[in-house]
Amino acid sequence: MYIVLGPADASTGENLGGAVDALWEAITLNDTGSGTHRTFPLGKIADFVQTVEKHNTHRTIRWTWADARMVMPMLLQAGASPSSCHDLRLVQRLLVTAASRAQNGISFTPVLELGKEAQPAGTLPARRQIEGQESLFDAPPITASRDEQEPAPTASLLLEELQAQLTTIKSAPYPGRLGLLAATESQGGIIAAEMKHYGMPWNRAIHEKILEHQLGARPAGYQRPYKLEQLAARLRQELGAPNLNPDSPHEVLRALQSAGFSVTSTRKWELTEWANSAPHLRESRWQVVRPLLEYKRLARLYTANGWAWLDAWVTDNRFHPAYEVASAATGRWGAHGGGAMQIPKDVRAAVHAEEGMLLTVADAAQIEPRILAVMSGDRALAVAGRDTDLYLGIAEIGKRTGSALADRSHAKIALLAAMYGATTGEGGQLMPHLKKLFPQAIGFTEKAAEIGLRGGQVTTFLGRTSPAPSHAWFEAQRDRSSAEKERAAATAARSHSRFTRNFVIQGTAAEWAVIWMAQIRRRLRTERRFGHRLQSRLVYFLHDEIMIYGPQNEAALCATIVRESAQAAAELIFGPTDVEFPVTVVTTDDYSQAK
DNA sequence: GTTCCCTGCCAC
DNA sequence: AAACGTGGCAGGGAAC
């Protein structure tokens with residue numbers, strides 16, 4: 001059953017969509033298609049959601065809204081917890097892209113223009129927010145002025161859009177898969193909003209201790225921390241450049257070169273290789289490279305995750321990144337605010353459980369090659385991943401058959417090369433050996449690569465479709481006016497080919513990951529421990545890794561839920577499969593101890 | 001003053 | 001000497 005939530009028809013009076021006293025409407029759509037309408041002030045929607053959820057435990061209600069980013073903050077603040085939803089913006093985007101590929105056999109014409117910026121209901125437009133009130137959670141209820149806000153689509157229009165989307169899904173060649181994808185994408189919207197709302201535990205005192213230990217005391221104003229200043233002084237001396245600004249790659253490169261060092265950039269890998277490349281000069285080169293690399297490491301810590309970062313992103317010992325569902329074309333999520341996708345190993349110890357609480361950190365083991373094994377139907381690869389680390393499994397098969405892929409690191413490099421499309425280097429060299437062992441899997445990736453080479457589109461298992469190359473790309477393919485143009489076209493073609501090659505695997509892995517999370521969320525919500533609801537919550541997600549935060553005495557159950565949900569997710573997507581989907585689970589009070 | 005690109009690093 | 005997929009982000013520095 002679907003219940004569409006949106007502003008009531010404009011004829012009912014004040015209808016600005018976002019204002020808390022605006023009238024909203026709930027339209028029920030059940031199997032017979034008939035709809036009952038109820039209207040509420042926006043401020044009462046959360047109560048309604050909560051009441052309906054309480055009395056309808058026996059059937060799935062899909063709350064249908066234009067955009068979870070608009071509705072969910074309001075629901076969460078009021079303590080309402082929708083079990084599932086249909087997110088019209090996210091599903092529309094899926095269907096529009098799917099319809100752009102003729103072979104998909106999907107036709108879709110949106111009723112509405114969705115996919116614009118998020119404007120949480122009950123708040124002012126972002127540009128009018130007052131300093132000190134920028135948080136979505138404590139923004140005061142204010143009626144927006146009429147001239148500054150686009151009228152949000154009414155519930156009746158949203159219902160029409162929903163019906164168009166459901167019709168498209170129902171008549172698709174694989175309605176079950178596309179329906180699962182739509183449901184998954186939508187659940188992602190809820191989960192993203194919830195994780196932002198709860199935030200991950202972040203212990204400011206521990207973080208500060210790390211910073212002081214590495215950098216010295218917090219400097220006043222814009223001075224460099226003590227350790228950085230020390231290293232800067234040493235560098236200036238080593239390079240004979242008394243005015244060197246070590247934060248400027250350009251200046252550093254110039255200083256290195258005038259000191260007689262033949263490097264072409266200040267990149268870490270180049271400096272390292274250069275320093276090691278001449279055995280008799282090693283010591284003297286490292287005299288310079290060591291402090292430079294140390295400076296770069298600490299400068300990165302200082303600028304990316306230093307005191308300013310703490311002040312900007314951590315409040316009340318919680319870090320609240322904003323997730324963006326499927327912000328990558330492959331369906332992977334993005335996150336903005338505080339660099340949530342790149343929490344460096346150095347500061348992970350600051351993610352620390354409070355008294356009586358624990359973190360459950362789970363990581364899917366070799367998810368992408370396992371996805372490849374199922375999608376390609378490669379039995380040998382499925383067997384390689386059974387009861388063991390998949391790369392080890394490959395190495396064992398390699399040993400038995402006298403292949404060059406007889407140890408884990410080689411197996412891993414070769415498989416990554418196959419999925420990323422490497423042609424040179426160690427990975428490229430090992431590819432033929434891999435192909436001999438797993439012809440079906442490698443054939444599968446090569447087929448996706450071929451399609452991309454011609455400018456074609458590919459799809460994930462559930463039907464997310466890759467974007468077509470730009471018009472300019474196709475133009476460039478036709479341009480044979482010079483050797484240089486031809487080369488450029490070939491480079492662009494190979495690039496798109498690597499993209500489609502990777503898309504099918506990365507994209508299907510992303511589907512698996514969100515379904516994994518959705519399974520975990522469902523069980524955390526519905527299961528009881530000694531008759532009590534669980535308090536544990538999903539608080540972090542990154543591609544193939546999740547974190548749950550909750551009371552100590554729930555941690556063992558969380559670990560079980562996480563493991564079982566991994567296999568359940570795979571079977572929901574693929575049906576019964578002999579490929580295993582193991583996860584490593586670590587229960588700890590300290591994130592840096594996971595992995 | 002703001003905007004945008006480049007460099008370089010971090011994560012999976 | 002980068003290569004081999006997807007991202008976010010800070011700081012320098014030039015362009016506007």
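Computed from heavy atoms alone, side chains included, the values below leave out hydrogens, waters and symmetry copies. Numbers restart at 1 for each chain; the letters A, B, ... are given by sequence-line order, proteins then strands.
Put simply, CG on A:L416 is 13 Å from P on B:dC12, counting in whole angstrom units. In this structure, A:F503 places its CZ atom 18 Å from C1' of C:dC4, rounding to the nearest Å. What separates CD of A:E368 from C1' of B:dC12 is a distance of 8 Å, to the nearest Å. Atom pair A:M517:CE and B:dC12:C1' shows a separation of 14 Å (rounding to whole Å applied). Rounded to whole Å, atom C1' of B:dC9 lies 13 Å from atom CG of A:L301. For A:L256 and B:dG8, the CG to C1' distance is 15 Å, given to the nearest whole Å. The CG atom of A:L298 sits 15 Å away from the C1' atom of B:dC10 (whole-angstrom rounding). The interatomic distance linking A:R494 (CZ) with C:dA3 (C1') rounds to 12 Å, in whole Å.
Rounded to whole Å, the P atom of C:dA2 lies 11 Å from the corresponding atom of B:dT7. The P atoms of C:dA1 and B:dG8 are separated by 16 Å, rounded to the nearest whole Å. Nucleotides C:dC4 and B:dC12 place their P atoms 22 Å apart, quoted to the nearest Å.
Between A:D590 and A:R348 there is no salt bridge, since no side-chain N of the basic residue sits under 4.0 Å from a carboxylate O of the acidic one. A salt bridge links A:K435 with A:E446: at least one charged nitrogen is closer than 4.0 Å to a carboxylate oxygen.
In this structure, A:L215 CG and A:L301 CG are separated by 5.0 Å, a value rounded to the nearest 0.5 Å. Taking CG of A:L381 as the start and CD1 of A:I394 as the end, the distance is 5.5 Å to the nearest 0.5 Å. One distance of note links CD of A:E368 with CG of A:N502; it measures 6.0 Å at 0.5 Å rounding.
Taken residue by residue, residues 261-281 of chain A places heavy atoms nearer than 4.0 Å to DNA chain C at A:W269, A:E273.
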Which parts of nucleotides 6-16 of chain C does protein reach within less than 4.0 Å, heavy atoms only, written one letter per nucleotide 5' to 3' as B for base, S for sugar-phosphate only and - for none? BSBSSSSS---
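Below 30°, between 30° and 60°, or above 60°: for A:W309 and A:W202 the angle between ring planes is between 30° and 60°, a tilted geometry. Relative orientation of the A:F503 and A:F499 rings is perpendicular, given thresholds of 30° and 60° on the angle between their planes.
Side chains of A:R297 and A:Y302: a donor-acceptor N/O pair is absent below 3.5 angstrom, by distance only.
Among the atoms of the strands shown, only primed sugar atoms or phosphate atoms (P, OP1, OP2) are found under 4.0 Å from some heavy atom of A:R348. Within 4.0 Å of A:I343, counting heavy atoms only, lie sugar-phosphate atoms of the nucleic acid but no base atom. Heavy atoms of A:G427 sit nowhere under 4.0 angstrom from any nucleic acid atom.
When side chains are defined from C-beta on, A:L231 does not count as touching A:Y226, because their heavy atoms never get closer than 4.5 Å.
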